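Both backbone and side-chain heavy atoms feed into the values below; hydrogens, waters and symmetry mates do not. The model shown is predicted, which means the values in this text are computed figures rather than measured ones.
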Amino acid sequence: MTAVKAGDVEGLIRRGPDPKVAVILVYGPDTGLVGERAKRLAEGAVADPDDPFALVKIDGDTLASDPGRLVDEAGTVGLFGDRRTIWVKAGSRNYAPAVEAVLAAEPTGTRIVVEAGDLGRSAPLRTLCERSGSALALPCYPDDERALAELVRQTLQDRGLRIASDARDLLVASLGGDRRASLAEIEKLALYAAGRDSVTCDDVEAVVSDVAGSVLNTLIDAAFSGRAGEAERDYCRFRHEGLDASVMLGAALRHALTLLSTRLDGEGKSPSLMAAGWRGLHFRRRADVEAQLARWSPAALRQAVQILQEAVLACRRADPALAHAHASAALLRIAGEARRRR
């Protein structure tokens with residue numbers, strides 16, 4: 001039996017699976033974690049993940065129609081004799097026969113990573129890999145508090161950042177059980193703190209918390225869509241309702257960082273496809289956000305982030321009466337830049 005306990009999976013991936021293992025099945029209810037681990041296993045086994053001859057991606061439904069293709073791909077020798085990886089993406093049809101055939105063929109020099117969904121104990125693909133001496137079955141379940149703390153520490157460390165224990169605890173408390181969503185929030189925090197050595201509680205509160213965020217969507221979308229008059233009216237309304245300047249800037253900053261990370265992750269995709277991956281985006285905002293993704297380049301968004309960061313700092317240092325002047329000026333500057341980019 002080669003089933004691996006959920007708590008042992010991360011350590012196994014870091015050490016690296018036995019090169020003699022031909023097939024590695026990654027499955028579970030946490031699709032973000034499944035995808036992230038499959039990516040690490042697939043790309044980590046080849047010298048150049050961007051080389052399509054070294055890393056071959058196949059859709060599971062394709063294998064269901066042509067089970068012999070996986071054996072053929074596994075038997076192909078690399079141009080320079082290097083190790084190859086075949087990354088099988090989850091499909092809606094049963095492609096266990098293709099995996100069974102490749103295990104029987106006992107391929108060498110090729111790692112086959114199978115990315116699957118939440119497989120039950122009796123699912124053919126899962127039982128096949130758990131019972132084979134040439135396969136591993138790696139379950140992926142939602143992160144607990146300890147796993148999230150380690151994810152935060154490791155992700156920020158990889159970007160040259162430390163995080164204080166109180167800031168880490170605050171961040172962990174605001175994250176959920178989905179690995180992809182958690183990583184997106186940590187990446188936004190890393191972008192915010194870029195150029196510094198450590199992350200503080202103030203950084204976490206500025207970027208990750210979502211105080212009054214949904215209420216402020218009209219103001220934020222008006223600013224980032226270039227509707228300066230609408231942004232000015234909304235700002236005045238929220239100010240008269242007693243909303244703090246730093247709260248409005250914080251919401252705008254989180255939006256800018258989300259736009260930036262979405263643009264970077266979706267390079268080459270259409271704005272509609274990028275918006276489709278935007279977690280929690282209300283359908284009424286979709287048209288505005290798609291237009292913003294089309295209008296703002298990563299370089300321009302970095303400038304917008306800097307403008308908002310400087311305004312946040314100015315508000316903290318300024319007399320409360322002047323804080324709104326700094327905040328409204330920053331948002332109108334964003335709106336002016338967005339209008340110029342039409």
Evaluate the side-chain proximity of L260 to L264: yes if any heavy-atom separation is below 4.5 Å, no if none is.
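The answer is yes; the side chains approach within 4.5 Å.
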Please tell me if the side chains of L259 and L293 come closer than 4.5 Å, counting only heavy atoms from C-beta onward.
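Counting from C-beta outward, L259 and L293 do come under 4.5 Å.
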Do the ring planes of H255 and W278 sit parallel (below 30°), tilted (30 to 60°) or perpendicular (above 60°)?
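H255 and W278: tilted rings.
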Intermediate values then yes/no, side-chain hydrogen bond (donor to acceptor under 3.5 Å, both in side chains), S225 and Q292
CA-CA 6 Å; S225 298; Q292 292 164 28; 3.1 Å; yes
For [X], does the [atom1] atom have more than 12 heavy-atom neighbours from other residues, nucleotides or ligands under 6.0 Å away?
X: R333; atom1: CZ; answer: no
X: R159; atom1: CZ; answer: yes
X: E232; atom1: CD; answer: no
X: R14; atom1: CZ; answer: yes

Looking only at heavy atoms, which two atoms of D48 and A54 are closest? And how far apart?
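For D48 and A54, the tightest heavy-atom pair comes out as O-CB, 4.1 Å.
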Which atom pair, heavy atoms only, marks the closest approach of A42 to T85?
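Result for this residue pair: O-OG1, 3.3 Å.
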Is a side-chain N or O of R285 found less than 3.5 angstrom from the main chain of N217, in a donor-acceptor match?
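No; judged by distance alone, with no hydrogens or angles, the pair does not exist.
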Side chain to side chain contact (heavy atoms under 4.5 Å, CB included) partners for K89, two or more places apart
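With neighbours one apart ignored, the set is W87, E115.
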Test L70 against every option in L103, V102, V23 by the side-chain contact (heavy atoms from CB on, under 4.5 Å) rule and name the one that passes.
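Among the candidates, only V102 passes.
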Do D202 and T200 get their side chains close enough for a donor-acceptor pair, meaning under 3.5 Å?
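T200 and D202 do not have a side-chain donor-acceptor pair below 3.5 Å.
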Just checking, any donor-acceptor pair under 3.5 angstrom between side chains of K188 and T258?
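Distance-only check passes for K188 and T258.
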Would you call R233 and E230 a salt bridge, using N to O less than 4.0 angstrom?
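Between E230 and R233 there is no salt bridge, as every charged N stays at least 4.0 Å from the carboxylate O atoms.
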